[in-house]
Amino acid sequence: MVLLQELSEILQAQDPEERQIITGVSWESYETLLNDLGDNLEYRITYLDGVIELMSPNRRHETRKTITGSLLEIYFQEKRIPYFPLGSTTFRKKSKRGGVEPDESYCIGTEKEFPDLAIEIVFSSGGIDKLEVYKRLGIKEVWFFINNQFTVYHLHDESYQLLIKSELLPDLDLTMLAQYVIADYPLDAAIAFREKIK
């Protein structure tokens, strides 16, 4: 019988996350690529100053992304916080020479052109500096989920500050949230998380 930890290691070996970097790409070529791919879920595309990163998320990445989003929406619902889920929508500004597709994103309070919160699930390093792209787009807060914990960056005076908790959701215990994100059984985790935050 394969244990859950062993299964995770097997899937990791068989399902690597792939990244490809392409340089010298004009804004027009970037937009053409976006149009050609349409709603293709196979790739996440980031653009910064003529460089494109194509990332093909693996199964673990998508699992963590979806569970994080589900738990965060439970939090919004239980705390009666108005939210607008934007998922992996493409956000871009030609004048800033940047574009990105977060793993999850949300407007909080009211719907806006760009989300207040973007979330990135990170299993492999390298590639484009996504924080720079988010800064150019004016995204207030970015959470990176790395090594089973959240790292929070909040935009202050046109630069990001590393924080120990969210300024957008200051009452949310991100250490607790991370424990539920990595739980073995998503349904049990969602039920337990809901009970914990009531």
Side-chain angles (χ1 to χ4, degrees), residues 27-28 30-35 37-41 43-55 57 61-62 64-122 127-146 150-174 177-178 181 190 193-194 197:
W27 184 264
E28 292 71 25
Y30 164 58
E31 291 206 320
T32 298
L33 176 63
L34 291 175
N35 288 332
L37 290 175
D39 290 332
N40 184 325
L41 300 177
Y43 296 104
R44 299 257 162 65
I45 303 169
T46 306
Y47 180 89
L48 180 64
D49 294 332
V51 178
I52 281 182
E53 177 186 89
L54 291 169
M55 194 270 287
H61 183 119
E62 290 298 282
R64 295 286 189 258
K65 166 198 117 56
T66 302
I67 292 171
T68 300
S70 296
L71 294 173
L72 198 50
E73 289 175 24
I74 288 171
Y75 183 81
F76 289 139
Q77 294 159 12
E78 288 296 326
K79 300 301 181 181
R80 305 296 189 262
I81 299 171
Y83 71 100
F84 298 85
L86 301 174
S88 295
T89 300
T90 303
F91 301 103
R92 61 190 185 271
K93 276 188 184 178
K94 183 177 182 179
S95 63
K96 300 292 185 177
R97 297 178 43 85
V100 67
E101 297 172 348
D103 287 314
E104 293 288 352
S105 60
Y106 297 90
C107 289
I108 299 172
T110 60
E111 193 165 11
K112 307 165 190 80
E113 180 182 4
F114 292 97
D116 298 298
L117 172 62
I119 301 170
E120 292 286 341
I121 308 301
V122 181
I128 289 178
D129 180 358
K130 287 194 175 181
L131 208 52
E132 176 63 26
V133 181
Y134 284 120
K135 182 176 78 172
R136 292 184 187 190
L137 298 177
I139 308 301
K140 288 182 189 174
E141 201 161 279
V142 182
W143 297 358
F144 291 95
F145 188 72
I146 305 171
F150 288 100
T151 304
V152 177
Y153 292 90
H154 193 91
L155 192 60
H156 286 281
D157 300 324
E158 298 187 26
S159 66
Y160 280 106
Q161 292 181 343
L162 178 62
L163 303 176
I164 58 171
K165 67 178 187 174
S166 170
E167 284 194 12
L168 292 174
L169 302 170
D171 296 328
L172 176 59
D173 181 340
L174 292 174
L177 177 63
V181 168
F193 180 72
R194 187 181 296 272
I197 63 172

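Throughout, residue positions are numbered sequentially from 1 according to the sequence presented. The figures that follow rest on heavy atoms only: side chains count, while hydrogens, waters and symmetry mates do not.
Between Leu177 and Phe193, the closest side-chain pair of non-hydrogen atoms falls below 4.5 Å. No side-chain heavy atom of Leu174 sits less than 4.5 Å from a side-chain heavy atom of Phe145. You'll find the side chain of Tyr47 reaches within 4.5 Å of the side chain of Trp27, heavy atoms only. At a threshold of 4.5 Å between non-hydrogen side-chain atoms, the residues Leu86 and Pro115 count as touching. No side-chain heavy atom of Met55 sits under 4.5 Å from any side-chain heavy atom of Thr46. Annotation: side chain of Leu34 is in contact with side chain of Arg92 (closest heavy-atom distance under 4.5 Å).
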Requested in this report: Step by step, work out the side-chain hydrogen bond (donor to acceptor under 3.5 Å, both in side chains) result for Tyr43 and Glu101.
Outcome: CA-CA 9 Å; Tyr43 296 104; Glu101 297 172 348; over 6 Å; no

Report task. Give the C-alpha distance, both sets of side-chain angles, the deciding distance and a yes or no for salt bridge (charged side-chain N to carboxylate O under 4.0 Å, His left out) between Arg64 and Asp103. Result -> CA-CA 10 Å; Arg64 295 286 189 258; Asp103 287 314; over 6 Å; no

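Considering Glu120, Glu104, Glu62 as possible partners of Arg44, the one that fulfils the salt bridge (Lys or Arg N to Asp or Glu O under 4.0 Å) test is Glu62. When Phe84, Phe76, Phe114 are each tested for a ring pair (Phe, Tyr, Trp, His ring centres under 6.0 Å) with Tyr106, only one passes: Phe76.
In plain terms, the two heavy atoms of Phe144 and Val122 that are nearest each other are CD2-CG2, 3.8 Å. Scanning both residues, Pro102 and Ala118, for their nearest heavy atoms gives CB-CB, 4.0 Å. Nearest heavy-atom pair, Asp116 versus Lys112, reported as atom, atom and distance to 0.1 Å: OD2-NZ, 2.7 Å. For Tyr83 against Glu73, the heavy-atom pair with the smallest separation is CE1-CG, 3.6 Å. Among all heavy-atom pairs drawn from Arg80 and Gln77, the shortest one is NH1-O, 2.6 Å. Contact record, Glu53 with Gly127: OE2-CA, 3.0 Å, taken as the closest heavy-atom pair.
The NZ atom of Lys165 lies 10.5 Å from the CG atom of Leu172; values are rounded to the nearest 0.5 Å. Put simply, CD1 on Ile45 and OG1 on Thr90 are 7.0 Å apart, with the number rounded to the nearest 0.5 Å. If you take CD1 on Ile81 and CG on Asp171, they are separated by 8.0 Å, rounding to the nearest 0.5 Å. Taken to the nearest 0.5 Å, the CD1 atom of Ile52 stands 7.5 Å off from the CD1 atom of Ile128. Rounding to the nearest 0.5 Å places CG of Leu162 at 5.0 Å from OH of Tyr153. Atom CG of residue Leu72 and atom CD1 of residue Ile67 lie 13.5 Å apart, to the nearest 0.5 angstrom.
A search for side chain to side chain contact (heavy atoms under 4.5 Å, CB included) contacts involving Glu167 returns Glu141, His154, His156, Leu163, not counting sequence neighbours. Under the side chain to side chain contact (heavy atoms under 4.5 Å, CB included) criterion, Ile164 pairs with no residue, sequence neighbours left out. A search for side chain to side chain contact (heavy atoms under 4.5 Å, CB included) contacts involving Thr32 returns Asp36, not counting sequence neighbours.
The pair Glu31-Lys94 fails the salt-bridge criterion, with no side-chain N (NZ, NE, NH1 or NH2) lying under 4.0 Å from an Asp/Glu carboxylate O. Looking at Glu158 and Lys96, no side-chain N of the basic residue comes within less than 4.0 Å of a carboxylate O on the acidic one, giving no salt bridge. A salt bridge is absent between Asp129 and Lys135: the closest approach of a Lys/Arg side-chain nitrogen to an acidic carboxylate oxygen does not fall below 4.0 angstrom.
Put simply, the side chain of Ser105 never gets that close to the backbone of Leu117: no donor and acceptor are under 3.5 Å apart.
The aromatic rings of Phe150 and Trp143 stand perpendicular to each other, their planes meeting at an angle above 60°, with 30° marking the opposite boundary.
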